[in-house]
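Computed over heavy atoms, backbone and side chain alike; hydrogens, waters and symmetry mates excluded. Chain A is the first sequence line, chain B the second, and so forth, proteins listed ahead of strands; every chain is numbered from 1.
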There are 2 protein chains.
Amino acid sequence: MSLATIKEIAKLANVSIATVSNVLNQKPGSASPEKVEKVLKVAKSLNYRPNYLAQSLKRQRSRSIGIIAEDLTVSQTAEIINGIEEYCEEYDYEALLANMRLFKRYGNNLSAIPERSVLFNRAFDNLVSKQVEGCIYIGYHGREVSFSPPDTGLPFVYTYCVPKDKSYPYVLSDDENASLEIGRALISMGHRRIGIISGPVNSFNSQKRLVGIQQALFEASIPYNVGTTVIGDWTRECGYHAASQLLSQGVTAIYAFSDKMISGVYTYCIEHRISVGKDISLFGFDDSDIVHAYTPPLASAKPDLQEMGHKAAELVLAQLQGKTVCTKCHVLPCTIHVRPSVCSIGEA
Amino acid sequence: MSLATIKEIAKLANVSIATVSNVLNQKPGSASPEKVEKVLKVAKSLNYRPNYLAQSLKRQRSRSIGIIAEDLTVSQTAEIINGIEEYCEEYDYEALLANMRLFKRYGNNLSAIPERSVLFNRAFDNLVSKQVEGCIYIGYHGREVSFSPPDTGLPFVYTYCVPKDKSYPYVLSDDENASLEIGRALISMGHRRIGIISGPVNSFNSQKRLVGIQQALFEASIPYNVGTTVIGDWTRECGYHAASQLLSQGVTAIYAFSDKMISGVYTYCIEHRISVGKDISLFGFDDSDIVHAYTPPLASAKPDLQEMGHKAAELVLAQLQGKTVCTKCHVLPCTIHVRPSVCSIGEA
DNA sequence: GTGAAAGCGCTAACAG
DNA sequence: CTGTTAGCGCTTTCAC
């Protein structure tokens, strides 16, 4: 019933617990072949599994890093965690997850909820308590995150968000460049009046994406027209409303900073018999599941979430090896998927 | 730098470690008010956090349950985990996650990959090693799962899958009843020729959903026509192909066992100028993000994943309290969302 | 009230 | 090669 210990193995195998430990840890030449065999046999028959708690306590080493996720159910989080775990596995580390469930508790409206910092501290304490050797924070919507770890010299890395306290490294997708490429693609296809549906201004993602598209316009000597930029809130609904506003201004293409918002535009177009990929070109961001649900499929930019996880883990493990890492923003390229929802301006 | 211990607190507060421990654990009347205050002050100043490893080792109690997820990035998994965590939090337990990354490694083709059991054993050992008091297995696509925990009397509960070994409880959504309701809804709207796009036959979900719709037909004395059932593989592509086959047979409604498959049908309809919600009624399953992306929005059935997580956790914790739980299938209702993608047969 | 001491399961000197 | 021993940080009798 209760778990076997090395003590029991030692008794049954007629050896000392030290020998059992040595054998189990494969210390070279520390036991005769017969004893090795005996110990291994007894261990297997007892279905022995080392007690991680005791092991780590004794070794003073957990070989684990913590993940503080703002919300596990927000679409990007799982992919990032997956990336972290992949990287950790390679280096024989493991990841411990603390999920704050922020979105489940408060939705998108995270501002001015003091309770949040309680949740953060609880999550952090929990992880430290478990002796993690480092920690990765996963935000959402690229918000600015105001909490940072109290004192400890624990390696701490942020991802998918921007820490207020710039003394920690953070990992983001290169939204600016992605946006630049999107702009170039649209412009190269002849579009000059491009409507933009931005995310909220407090989102770092929004900021960067805006700068990128502006840069593309600038390169092509097309003046940026604030009048054809609508500020949205990431929802389908706002995309829908923005569509009518933008289309009435005669834009030939609409670039929304999320697939969800562009999906509202899509709905508007259908309702008004505007043919996507013919009468109007549409570009989204995130490359979420819904892009393939449309006819024609939606063009979008895909952040490499897995790679962001890798990078974040790399930054933590590097610090654990004593390397100093740059406490700056580490930026990873997106992939631009141009799909039939965009077309050249003469083609229609 | 390194973490403070009760020993250090004891020294600084001029008390014994036993007193520190008593104070920190709020043992009533075990220390004078002055000492309590002193200890608390020192603890705070040292930023003390109890060592979970040592604590649990000593207490012989981890107050944690393990989660073995087949793949964290499969859409339903995170929601279920969220539910488990919510339930655990109420009872002062916590969840430890072991992610096998099965989908990331092998995609949908999980059959005949012997390595899988290695991954399962590794995950299970890892969790047991950490002294979890129980375990929840989260599958995907309602497959039959052939691995079960080796020996240990550890409470073990499956969810979103069906264990081959029926001596463990498992939690599923009530797909049969959901399907029955979908069938009734369609029939009540006048549909008699209903095309079905099933998932793979080895999916328990497929089986149940098929039985449900058959039951609805039976109730209405409509003979079930195998010729208008296509077996798909959960993908959009197969939905697309099934659509042409089904529509040529003159069905007035198509019910696909996943939103993804129905989304292929949607594409087919657009390409062939068949008006969804007028010329044809469409019903999906899962109620995923994409249902709102369509115009008109897609009708679908929503499994209560969060509640499934709650239930699974409940079944584990109940066993920990010595209660015996039913080692049967525990089934949770879905919500049926009828949306404008379906219409009455005369309405068109 | 308070502290000394034992011990949770394990690893790592160290002696033999 | 093998076993004895100390001790990781903590909780918990049990004397005082």
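Put simply, the side chain of Val157(B) reaches to within 4.5 Å of the side chain of Gln319(B), judged on heavy atoms.
Heavy atoms from other residues, nucleotides or ligands lying under 6.0 Å from CD of Glu115(A) number 12 at most. More than 12 non-hydrogen atoms from other residues, nucleotides or ligands lie less than 6.0 angstrom from NZ of Lys166(B). Glu144(A) CD: more than 12 foreign heavy atoms inside a 6.0 Å radius.
Using bins of under 30°, 30° to 60° and over 60° for the plane-to-plane angle, the ring pair Phe103(A)/Tyr140(A) lands in the perpendicular bin. The aromatic rings of Tyr137(B) and Phe156(B) sit tilted relative to each other, their planes meeting at an angle between 30° and 60°.
The interatomic distance linking Leu57(B) (CG) with dA6(C) (P) rounds to 18 Å, in whole Å. Atom NZ in Lys58(B) sits roughly 12 Å away from atom P in dA6(C) (whole-Å rounding). Atom CD1 of Ile9(A) and atom P of dT11(C) are 10 Å apart (whole Å). The nearest whole Å value for the distance from the CD1 atom in Ile6(B) to the P atom in dG3(C) is 13 Å.
Mapping Ala54(A) and Ala31(B) onto DNA chain C by nearest heavy atom places Ala31(B) at the nucleotide closer to the 5' end. Take the nearest nucleotide of DNA chain D for Leu53(B) and for Ser16(A): the residue whose nucleotide is more 5' is Ser16(A).
Ile17(B) comes within 4.0 angstrom of a nucleotide base, judged by non-hydrogen atoms across all strands. Nucleic acid contact class of Thr5(A) (heavy atoms, under 4.0 Å, all strands): sugar-phosphate only. Within the 4.0 angstrom heavy-atom criterion, base atoms lie near Ser21(A). As judged by a 4.0 angstrom heavy-atom cut-off over every strand, Ser32(B) is placed among residues touching the sugar-phosphate backbone only. At the heavy-atom level, Asn22(A) lies nowhere under 4.0 Å from the strands shown. The residue Tyr52(A) sits apart from the nucleic acid: no heavy atom pair falls under 4.0 Å.
Once rounded to the nearest 0.5 Å, the distance linking CD of Glu89(A) with CG of Asn99(B) reads 9.5 Å.
OP1 and OP2 of dT11(C) both lie 4.0 Å or more from every side-chain N or O belonging to Lys27(A). Within the 4.0 Å cut-off from OP1 or OP2 of dT11(C), at least one side-chain nitrogen or oxygen of Gln55(A) is found. Listed pair Lys35(B) / dT2(C) meets the phosphate criterion, a side-chain N or O lying under 4.0 Å from OP1 or OP2.
By the salt bridge (charged side-chain N to carboxylate O under 4.0 Å, His left out) test, Lys104(B) pairs with Glu79(A), sequence neighbours left out.
Think of the region where chain B sits on DNA chain D: with heavy atoms and a 4.0 Å cut, that region ends 5' and 3' at dC8(D) to dT12(D).
Checking Glu133(A) against Tyr93(A) by side-chain atom types alone, a donor-acceptor pair falls below 3.5 Å.
Residue Asn51(A) has its side chain nearest to dG9(C) when only dC8(C), dG9(C), dA5(C) are considered.
Contact check of residues 59-66 of chain B against DNA chain C (heavy atom, cut-off under 4.0 Å) returns Gln60(B).
Contact check on Lys11(A) versus Glu8(A) returns no salt bridge, with no Lys/Arg side-chain nitrogen under 4.0 Å from an Asp/Glu carboxylate oxygen.
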